[in-house]
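Reading through the structure tokens given below for one structure.
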Amino acid sequence: MAREIAKAYDPQQIEGRWAEFWIKDNMFRADAHAPGPVFSIVIPPPNVTGSLHIGHMLNHTEIDILTRWHRMRGFNTLYLPGMDHAGISTQRVVVKQLADKGIDYRTLGREEFEKRVWEWKAESGGKIIAQMKQIGESCDWTREQFTLSPELSRVVREVFVRLYEEGLIYRAHYLINWCPTCLTALSDLEVTHEERQGHLWHIKYPAADGGGFVVVATTRPETMLGDTAVAVHPEDERYAQLIGKKLRLPLTNREIPVIADTMVDREFGTGAVKITPAHDPNDFEAGRRHNLPEIDVMTDDGKMNGNAGAYAGLDRFAARKKIVEDLQAQGLLEKITDHKLSVGLCERCKTVVEPRASNQWFCKMKSMAEKAMAAVERNEITMVPENRREEFFHWMRNIRDWVISRQLWWGHRIPAWHCGSCKEVTVARETPAKCSHCGSAALKQDDDVLDTWFSSALWPFSTLGWPEETPDFKTYYPTSLLITAYDILFFWVSRMIMMGIHFTGKVPFRAVYLHSLVRTASGEKMSKSKGTGLDPVALNQQYGTDAMRFCLTSMAAPGTDIVVSEDRLLGARAFANKIWNAARFLFVNLDKFEEGGAKLEDLASPEVREQAPYAFAGDVPLIDGWLFARLADTLDVVKDAFETQRFHEAVQSIYQFFWNDFCDWYIEWIKPELTSADRTRATVAWKNLFGAFEAALRLLHPVMPFLTEELWHQLPQRAGARSIALEKYPEARATWRNTAAIKEFALLQEVITAVRAIRAEMKLDPKKKLAAQFSSEDAATRDAIARNLDGVQRLALLSELQITPGKLPQAGGGLRSTSLFDVRIPYVETEIDLAVELPRLKKELERLSKDIASKERQLGDETFRSRAPEKIIKNLESTLAERRVELAKIEERLRELDGKSGAAPAA
RNA sequence: GGGCGAUUAGCUCAGUGGUUAGAGCGCUCGCCUCACACGCGAGAGGUCAAAGGUUCAAGUCCUUUAUCGCCCACCA
């Protein structure tokens, strides 16, 4: 039977089919009652703000690799998918969409707006799910979750009420970060800081009694309209007599007191500070200490309000300009100096944040933080990379109460009802009929919603059925591992740990792996708005999903950000193509195998393949023993690497095994065996090739699922075999381990490479078979070459290789030496180019001499001999002996060649 | 202001105190060899940022410095 397979791998031809195949029958559905050790992982739910970007691609690939790997190793595996409603971000997206259509979302009303967002959620969520399916994520789609679903909303209310009843959630009037564009409060974490060049305006505040004035320095003159005091340091002699006196606030007719407070830094500015309790965190605290009134001078959208008198209606920055002009006109502006300051920006829209005093809901964090730190200290949760642990502790130690209310319409409505009669608050799981304080029915639910991270913090248990003790919760909680980007350690990871411990008594995951961010070539965080983002869909189409997966993870060393480049993607695609073509090699030769009377069906059962490597004439051929030994080594590395989330190591070692060992050496070596006239020999070769290739596919499958699934189905498989994803991952068998084969084949590789080098150096006809000579003092080495003469001659393209004991003459041909052997192609028509050979040898000589000198020095050192481990000394001694042999050979060759050439070219 | 990280080949980066520091890409030379030119073979290319220290032994541990990043922080 002849098979047709395209010459080049075309991922577009096959990916869609398998993506569909995997989800069709819920192939990756988890079963809480299934046997085996558990591996569970919940997705960091992507925001429904658009589609997946390349960072998600990395994150999801890592999760999927580990999921597939564990599944193939017999774990009871759950990869739970889902999405986040992403309160402020999603609301912004929809608000903007409406604005683009000329609609102010506020005119729609809350209910209609929510309806529009749900429509958008369906669109964006649908896109995300489609992308996840497209990239082959092996999730259990029957367990998909959404943070704002009715089920999860119930969990949110449960948690809110419990925290309220425990006194951990409270409502207070406090100074918070306000975004005048998003029109909501923000937590400290949602504010990013940016250093900007600004000014320090020195303003004269005249004394109320007309005697002189105090100069205050401020970076924000517009807030002076809300000043309710000026503060000086109590021990500042310059201002001592002013304390308790009144000043007249310029541009208004208000009188404000001079107060004394140790918060003032005498060295800064003039040593006198204007106090604006409603618009500055420090001043807010000072205001509380001194019982000062708060005067909010702004509106929600950042304009000056009625309290700003003549400036009312002006934007805060326009007001700043006007105020400075007016002060100047009145001669109250002493001077303006340059001043660098860090301004707070809204994380989402980059608007300058306005500190404002307002009524908000808060969550006390300290006690939860302490328990979370203790758990991490006890290593109930491990963190990779480990240095993130310190960051975590640092943040947790300095944690402040969390503003959890947001003035948005998209989110979990706070389950609190305000009583119109007694003004008290009723907090309840279900909408209450009457006020729990006075019994009045005049209840109105709080307008605010919860910070989106509040529901995300519950994700590992809310998605598994908590507060019920469901089978899912019992089996899969705590989850095994959390994989996420390091930039949400505080937003999300820390809060999950705190909430998880608080509500379930257990950590939410056993381990956290914080992976890199994917950056642009210039090192910036990728951003769609800046046009620097890479579109994973386009890249998948261009290079193939498997290549993308390979590319991203091969660079994913923990702790460093990664940069995706065209070059790397091309390299990854080439690898996929290489695998494809290795398979093609098998297929185009199958006829020959079957012509010999063998049947493909004989290779279909895993039991048959698992017995590879098969022996011929009583022995496993060296090449097969070697390949399976290399496979075992690779599997060791892969296991170790995946267990410690060192994806790049695992992926690179798989790459090396497949390309270098399997393709470059194994396939090249066994080619003639496959068509050997000796049918028994040929059959053994075929069985071993099949066994090795099929194992290699399984080895590769978690990283490159599409390609391996496609090829695996083209190999003979037992009846009822559904998918490579459900097969067993190869296990490094004890019988595969074979250091002798590795050592022996390394010798053959060395000899073949040496002959090829000589051939290149002598510029010999690359197709012409040549006669060469081989010598070694070591009988075992000579035997090894003799045993494998056919292969060596063939790969080195030799007509014959004469094996003699001892050494070869160092002149009269192209030659390579090691301490163990010499190999030489005698001159026939061509000679060595001395202008190349002599400098090469001299350089080698120099390197060896230096190396020998340093080793001699070290071995001559008594302290070294007495302190270094025996093994190190032994190694050093034998290496030194080898180097000396090599040096002697090089010296001899140099003498010969120098003599021959008369005048050696200058080195 | 505090903290963390980085600095290794032309580029992007691995490197877990112990032989001659690796990979991919790029570069040079030679090959369309019947799986693969998305390929094959052979090469060149590195005082591991600088200085000091610990150690028998340092790219790896410590200190200082320089440069570049990132995070955190209420100095008006």
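Only this structure's heavy atoms are used, side chains among them; waters, hydrogens and symmetry mates stay out. Note that this is a predicted model, so its numbers are computed, not measured. A, B, ... follow the sequence lines: proteins, then strands. Residue 1 opens every chain.
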Please confirm whether A:Phe268 and A:His339 have ring centers closer than 6.0 angstrom.
yes
With sequence neighbours excluded, give me every salt bridge (charged side-chain N to carboxylate O under 4.0 Å, His left out) pair touching residues 272-283 of chain A.
A:Asp227-A:Lys274
Pick out the pairs of N or O atoms, protein on one side and nucleotides 32-40 of chain B on the other, that lie under 3.5 Å.
unit_1, atom_1, unit_2, atom_2, d
B:C32, OP1, A:Lys767, NZ, 3.2
B:A35, O3', A:Arg584, NH1, 3.2
B:A35, O2', A:Asn581, OD1, 2.8
B:A35, O2', A:Arg584, NH1, 2.5
B:A35, N7, A:Lys671, NZ, 3.3
B:A35, N6, A:Cys663, O, 3.4
B:A35, N6, A:Glu668, OE2, 3.1
B:A35, N3, A:Asn581, O, 2.9
B:A35, N3, A:Ala582, N, 3.4
B:C36, O4', A:Asn581, OD1, 2.9
B:C36, O2', A:Asn577, ND2, 3.3
B:C36, O2, A:Lys578, NZ, 2.9
B:C36, N3, A:Lys578, NZ, 2.8
B:C38, O2', A:Asn577, ND2, 2.9
B:C38, O2, A:Arg573, O, 3.3
B:G39, O3', A:Lys578, NZ, 3.1
B:C40, OP1, A:Lys578, NZ, 2.7
B:C40, OP1, A:Trp659, NE1, 2.6
B:C40, OP1, A:Asp664, OD1, 3.4

Mind checking which stems touch RNA chain B? I mean at least 3 consecutive Watson-Crick or G-U pairs, both distances under 3.5 Å.
B:1-7 with B:66-72, B:10-13 with B:22-25, B:27-31 with B:39-43, B:49-53 with B:61-65
By nearest nucleotide on RNA chain B, pick out whichever of A:Pro869 and A:Ser565 is the more 5' one.
A:Ser565
If the condition is salt bridge (Lys or Arg N to Asp or Glu O under 4.0 Å), which residues does A:Asp10 pass it with, not counting sequence neighbours?
none
Whichever of A:Phe864 and A:Asp567 has its nearest RNA chain B nucleotide further upstream toward 5'
A:Asp567
Heavy-atom side-chain proximity of A:Leu797 to A:Leu770 below 4.5 angstrom
no
Applying side-chain hydrogen bond (donor to acceptor under 3.5 Å, both in side chains), can you list everything that pairs with A:Glu354, at least two apart in sequence or on another chain?
A:Arg220, A:His279, A:Arg316
Give me, pair by pair, the N or O atoms of the protein and of nucleotides 43-46 of chain B that are less than 3.5 Å apart, along with how far apart they are.
unit_1, atom_1, unit_2, atom_2, d
B:G45, OP1, A:Lys843, NZ, 2.9
B:G45, OP2, A:Lys843, NZ, 2.8

Tell me what A:Pro355 touches on the nucleic acid: a base, only sugar-phosphate, or nothing, going by heavy atoms under 4.0 Å.
nothing
Quick one: list whatever passes side-chain hydrogen bond (donor to acceptor under 3.5 Å, both in side chains) with A:Asp636, sequence neighbours left out.
A:Arg737
Sequence-distant partners of A:Asp188, side-chain hydrogen bond (donor to acceptor under 3.5 Å, both in side chains), two or more places apart:
A:Asn177
Side-chain donor-acceptor contacts of residues 390-397 of chain A below 3.5 Å, not counting sequence neighbours, with atom names and distances?
unit_1, atom_1, unit_2, atom_2, d
A:Glu391, OE1, A:Arg388, NH1, 3.2
A:Glu391, OE2, A:Arg388, NH1, 3.0

Please write out each protein N/O paired with an N/O of nucleotides 4-11 of chain B under 3.5 Å, distance rounded to 0.1 Å.
none

For the backbone of A:Phe657 and the side chain of A:Thr634, can you confirm whether one donor and one acceptor N or O come within less than 3.5 Å of each other?
no
Contacts under 3.5 angstrom, residues 870-877 of chain A side chains, donor-acceptor by atom type, not counting sequence neighbours:
unit_1, atom_1, unit_2, atom_2, d
A:Glu877, OE2, A:Arg865, NH1, 3.4
A:Glu877, OE2, A:Arg865, NH2, 3.2

Just the table, please: protein N/O against nucleotides 72-76 of chain B N/O, every pair under 3.5 Å.
unit_1, atom_1, unit_2, atom_2, d
B:C74, OP1, A:Arg400, NH1, 3.0
B:C74, O2', A:Asn282, ND2, 3.3
B:C74, O2, A:Asn282, OD1, 2.3
B:C74, O2, A:Asn282, ND2, 2.4
B:C74, N3, A:Asn282, OD1, 3.4
B:C75, O2, A:Asp265, OD2, 3.4
B:C75, N3, A:Asp265, OD2, 3.4
B:A76, OP2, A:His339, NE2, 3.4
B:A76, O2', A:Ala217, O, 3.4
B:A76, N6, A:Asp265, O, 2.6
B:A76, N6, A:Phe268, O, 2.9
B:A76, N1, A:Asp265, N, 3.1

